[in-house]
Amino acid sequence: MVNRIILIGHLGKDPIMAFTQEGKAYTRFTIAVNRYQRSGKEGGERQEETDWFSVVTWDRLAEICNNYLRKGSKVFIEGRMQSHRYNDKSSGAERIGWEVVATDMQMLDPKQGASTPARTGASSKGGYADDGGDAGPEDIPF
């Protein structure tokens with residue numbers, strides 16, 4: 001079985017970093033992902049719709065996201081979907097929420113003073129690299 005999600009979008013707010021009781025770092029943020037579809041039949045007007053995703057990162061990747069991402073930052077996120085149960089504050093009913101647990105993140109905004117997208121990547125596996133060796137936005141297959 002596979003639980004994998006890949007997203008490209010913009011942060012809706014600045015990331016918020018916190019620590020578990022055990023001292024493990026995590027950072028939360030939301031990203032907006034735009035998609036386009038045609039209304040009606042052929043030749044219909046192209047409409048943009050936005051989906052919002054809650055994202056959580058852990059450990060070193062959490063620190064990197066907190067230090068380098070800001071509201072509006074364009075990012076590539078790869079991870080898995082995870083559900084969690086919570087009680088609705090207004091009704092008290094049990095609900096299920098979903099979030100992306102990111103394992104890889106790549107900043108897609110151009111570096112300051114550069115006209116091409118940044119090739120800066122971060123990963124929970126590989127740390128942080130700015131050596132041009134990570135796949136850039138032009139390597140993403142969509």
Side-chain angles (χ1 to χ4, degrees), residues 1-21 24-142:
M1 290 189 221
V2 176
N3 179 354
R4 181 177 177 196
I5 186 166
I6 297 173
L7 302 167
I8 295 177
H10 292 89
L11 269 71
K13 298 182 205 175
D14 286 346
I16 298 172
M17 186 173 178
F19 296 88
T20 65
Q21 291 179 347
K24 189 174 183 177
Y26 65 94
T27 297
R28 293 187 180 280
F29 54 92
T30 58
I31 64 170
V33 177
N34 296 329
R35 58 186 165 86
Y36 302 92
Q37 64 185 33
R38 298 241 182 239
S39 62
K41 297 186 178 193
E42 280 188 48
E45 188 177 316
R46 185 176 161 175
Q47 294 180 335
E48 179 181 48
E49 294 186 12
T50 302
D51 295 316
W52 286 91
F53 294 86
S54 296
V55 179
V56 63
T57 59
W58 292 91
D59 301 320
R60 180 74 179 127
L61 184 56
E63 295 172 17
I64 292 166
C65 289
N66 184 62
N67 290 335
Y68 293 99
L69 299 181
R70 295 292 168 254
K71 178 180 178 178
S73 296
K74 187 174 184 180
V75 293
F76 167 92
I77 296 290
E78 184 174 354
R80 63 182 171 82
M81 292 297 298
Q82 177 175 288
S83 65
H84 60 276
R85 295 182 186 278
Y86 67 96
N87 289 324
D88 187 312
K89 290 180 183 178
S90 61
S91 69
E94 186 175 73
R95 306 262 185 224
I96 297 177
W98 288 89
E99 66 187 357
V100 175
V101 179
T103 54
D104 292 295
M105 180 277 295
Q106 198 164 98
M107 295 174 265
L108 301 179
D109 287 323
K111 292 181 183 178
Q112 290 183 353
S115 60
T116 59
R119 298 197 79 176
T120 305
S123 166
S124 61
K125 301 172 201 150
Y128 179 74
D130 193 13
D131 60 3
D134 292 332
E138 62 275 4
D139 297 323
I140 299 170
F142 45 85

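Within the 3.5 Å criterion, the main-chain N or O of Ser90 finds a donor-acceptor partner in the side chain of Asp88. Here the side chain of Ser54 pairs no donor or acceptor atom with the backbone of Trp98 at under 3.5 angstrom. A donor-acceptor contact shorter than 3.5 Å links the side chain of Asn3 to the backbone of Met81.
Closest approach of Gly72 and His10 over heavy atoms only: O-CD2, 3.1 Å. What you find for Met105 and Cys65 is that their closest heavy atoms are CE-SG, 3.9 Å. Heavy-atom minimum distance, Ala32 versus Thr50: CB-CG2, 3.6 Å.
Interatomic distance, Arg80 CZ to Glu99 CD, rounded to the nearest 0.5 Å: 8.5 Å. For the atom pair OH (Tyr86) and CD (Glu94), the distance works out to 10.5 Å, reported to the nearest 0.5 Å. Within the model, atoms CD1 of Ile77 and OG1 of Thr57 stand 7.5 Å from one another, a figure rounded to the nearest 0.5 Å. Atom-to-atom distance recorded for Thr27:OG1 and Phe19:CZ is 8.0 Å, nearest 0.5 angstrom. We find the CD-OG1 distance between Glu78 and Thr103 to be 5.5 Å, quoted to the nearest 0.5 Å. The CZ atom of Arg95 sits 10.0 Å away from atom CG of Asn87, with the distance rounded to the nearest 0.5 Å.
Tyr68 places none of its side-chain heavy atoms less than 4.5 Å from the side chain of Asp109.
Checked against Phe29 for a side-chain contact (heavy atoms from CB on, under 4.5 Å), the options Asn66, Leu69, Val56, Asp14 give a single hit: Leu69. Partner Arg35 forms a side-chain hydrogen bond (donor to acceptor under 3.5 Å, both in side chains) with one of Glu48, Glu49, Gln47 and no other, that one being Glu49. The only option from Lys71, Arg28, Arg70 that meets the side-chain contact (heavy atoms from CB on, under 4.5 Å) definition with Pro15 turns out to be Arg70. For the side-chain contact (heavy atoms from CB on, under 4.5 Å) criterion with Val75, the lone passing option out of Leu11, Leu108, Ile8, Leu7 is Leu11.
Shown here are the side chain to side chain donor-acceptor pair (under 3.5 Å) partners of Arg46, two or more places apart in sequence or in another chain: there are none.
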